[in-house]
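Whatever order the structure lists ligands and atoms in, that order sets their numbers, starting from 1.
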Amino acid sequence: MTTDNSGDVRLCGISKTYGSFTAVHPLDLTVPQGSFFALLGASGCGKTTTLRMIAGLEEPTTGTVLLGDQEVTHLPPYKRPVNTVFQSYALFPHLDVFENVAFGLRRRGIKSVRKQVEEMLELVQLGEQARKKPHQLSGGQQQRVAVARALINHPKVLLLDEPLGALDLKLRRQMQLELKRIQTEVGITFVHVTHDQEEAMTMADTVAVMNAGRVEQLGSPTDLYENPRTTFVANFLGTSNLIEAEIDSAAGGDIVLKAGGGKLVLPRARCSAPATTGGKVLVGVRPEKISLTHADEAGGIPEGRNRITGRIVDSSFIGVSTQYVVDSPVCPRFEVYAQNIDRDPRLVPGAEVVLHWNPAHTFGLDAAQDIDAGVGTAEEEGA
Ligand SMILES: Nc1ncnc2c1ncn2[C@@H]1O[C@H](COP(=O)(O)OP(=O)(O)OP(=O)(O)O)[C@@H](O)[C@H]1O
Ligand SMILES: [Mg+2]
């Protein structure tokens, strides 16, 4: 490893307003050299605007942009060590694949381009397609030409704005792995914009979840998923069951909560809200962390687990798992995902059940937030 930081992206207080509308609120962000960073958020939250400020295509209203140690806030795009790949690949239709990739080199007056272009085509696995025109390629192949065309300029940072948005779901999944492989191979910083949470989680080392022009939370995919700190992040990234509960006692390492006549335990370390007795907190648990036991067998549930009683209102078998919806006193639509190993045939709509889980899998959020923030904003078109 070197201490080279020339591919760091540092945003210091950058913001963008259009008239009285703020598209991006002052934002501080560091993307370390060589990382795969994703900006994730729903349509209109300011992802493209942020990316365009890094590229130099948009002038920030406030703040500075640094690439490595160089301040580039007022440099034009072509003077920045950055290249961008857009959703519409904008390949030159009259040039073949080879010449599309060679374009950046030729523009700089470089004559002998063959070796570099061939290496690039090898990298994106298009060696065989060099003499085809863009319209003779599949969407995924065109996308790879666009990546090769950007990478041949040896940027320090590659910016990708929904580069897989035009592909169907299956191809998109393939290209996610492909882009990840390319990034690992070239080792430069990738900043990837997407509204697809699965895409961000699959590809990125670090994800920044944006909401209405602000980064709500930043972390590794597992950290964001297991320890969401806002309802928006809890709901936007996967599914969360959120329950409003009252704090019964908050002594020691565990917080005891009252919810729907029962008690739940929440590790204090997993509560991002202030916890005082009598106060409110939103308790969360992910659907796959919950076990479902028929009420007749409730005696066999081990001590020390959080438990809630309810009735199954819906179940859908989706192969690897069955997804249940359970009506309970604390939440009318509790979601539970059970892996299909040994299925209890009694677990059908109408059955009385006990939901139970390890208290360590419970998280606590500030109750002053909208419990439904981020619900249904994660787009699933193409799925
Ligand atoms: N030139 C402009 N003038 C006025 N408002 C703009 C302009 N460009 C963007 N906006 C607004 O700024 C907000 C953020 O836009 P941006 O393009 O960054 O969103 P996004 O997160 O990339 O969304 P999407 O996922 O739909 O691409 C939007 O509400 C948009 O309407
Ligand atoms: Mg956009």
Q) Atoms of ligand 1 less than 4.0 Å from Phe21 heavy atoms? A)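 Numbered from 1, ligand 1 contributes 11 (C), 12 (O), 13 (C), 29 (O).
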
Q: With heavy atoms of Thr48 as the reference, note each atom of ligand 1 found under 4.0 Å away.
A: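 With Thr48 as reference, the close atoms of ligand 1 come out as 17 (O), 18 (O), 20 (P), 22 (O), 27 (O).
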
Q.
Among Ile308, Leu282, Thr362, exactly one meets side-chain contact (heavy atoms from CB on, under 4.5 Å) together with Ile243. Which residue is that?
A.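 When side-chain contact (heavy atoms from CB on, under 4.5 Å) is applied between Ile243 and each of Ile308, Leu282, Thr362, only Ile308 qualifies.
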
Give the residue and atom name of whichever protein heavy atom lies nearest to [atom], and the separation in Å to one decimal.
atom                    : answer
atom 15 (O) of ligand 1 : Thr49 OG1, 3.6 Å
atom 9 (C) of ligand 1  : Tyr18 CE1, 3.6 Å
atom 25 (O) of ligand 1 : Lys47 NZ, 2.8 Å

When only distance counts, is [X] in polar contact with ligand 1, meaning an N/O pair under 3.5 Å?
X      : value
Ser43  : yes
His195 : no
Ala23  : no

(Q) Could you check whether any side-chain heavy atom of Asp28 comes within less than 4.5 Å of a side-chain heavy atom of Leu11, counting everything from C-beta outward? (A)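 Side-chain contact under 4.5 Å: no.
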
Q: Please determine which of Thr309, Asn306, Thr293 meets the side-chain hydrogen bond (donor to acceptor under 3.5 Å, both in side chains) test together with His356.
A: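 Answer to the side-chain hydrogen bond (donor to acceptor under 3.5 Å, both in side chains) test with His356 among Thr309, Asn306, Thr293: Thr293.
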
(Q) If I take every N, O or S atom of Thr49, is at least one of them less than 2.8 Å from the Mg ion (ligand 2)? (A)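 It does not: Thr49 brings no N, O or S atom closer than 2.8 Å to the Mg ion (ligand 2).
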
Q.
On a heavy-atom basis, I'd like to know which of Gly213, Gly165, Gly44 is closest to atom 14 (C) of ligand 1.
A.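 Of the listed residues, Gly44 has the closest heavy atom.
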
Q) Under the 4.0 Å line, does any protein heavy atom show up next to atom 29 (O) of ligand 1? A)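 Within 4.0 Å of atom 29 (O) of ligand 1, protein heavy atoms are found.
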
Q) Contact between Cys45 and ligand 1, counting heavy atoms under 4.0 Å? A)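 Within the 4.0 Å threshold, so yes.
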
Q: Could you verify whether a donor N or O on one side chain and an acceptor N or O on the other, from Glu216 and Thr230, lie under 3.5 Å apart?
A: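 The criterion, which ignores hydrogens and geometry beyond distance, is satisfied for Thr230 and Glu216.
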
**Q.** Donor-acceptor pair between Asn340 and Thr322 side chains, under 3.5 angstrom
**A.**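 Yes, Thr322 and Asn340 have a side-chain donor paired with an acceptor closer than 3.5 Å.
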
Q) With a distance cut-off below 6.0 Å to the six-membered ring centre and an angular limit of 45° from the axis, does Arg149 pair with Phe92 as a cation-pi contact? A)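 Flagged: Arg149 positioned over aromatic ring of Phe92.
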
Q. Leu123 and Leu137: same hydrophobic cluster, using ILVMFWY side-chain contacts below 4.5 Å?
A.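 Yes: a chain of side-chain contacts under 4.5 Å links Leu123 to Leu137.
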
(Q) According to a hydrophobic-cluster definition based on side-chain heavy atoms being under 4.5 Å apart (Ile, Leu, Val, Met, Phe, Trp, Tyr only), do Leu67 and Leu75 belong together? (A)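 Cluster IDs for Leu67 and Leu75 match.
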
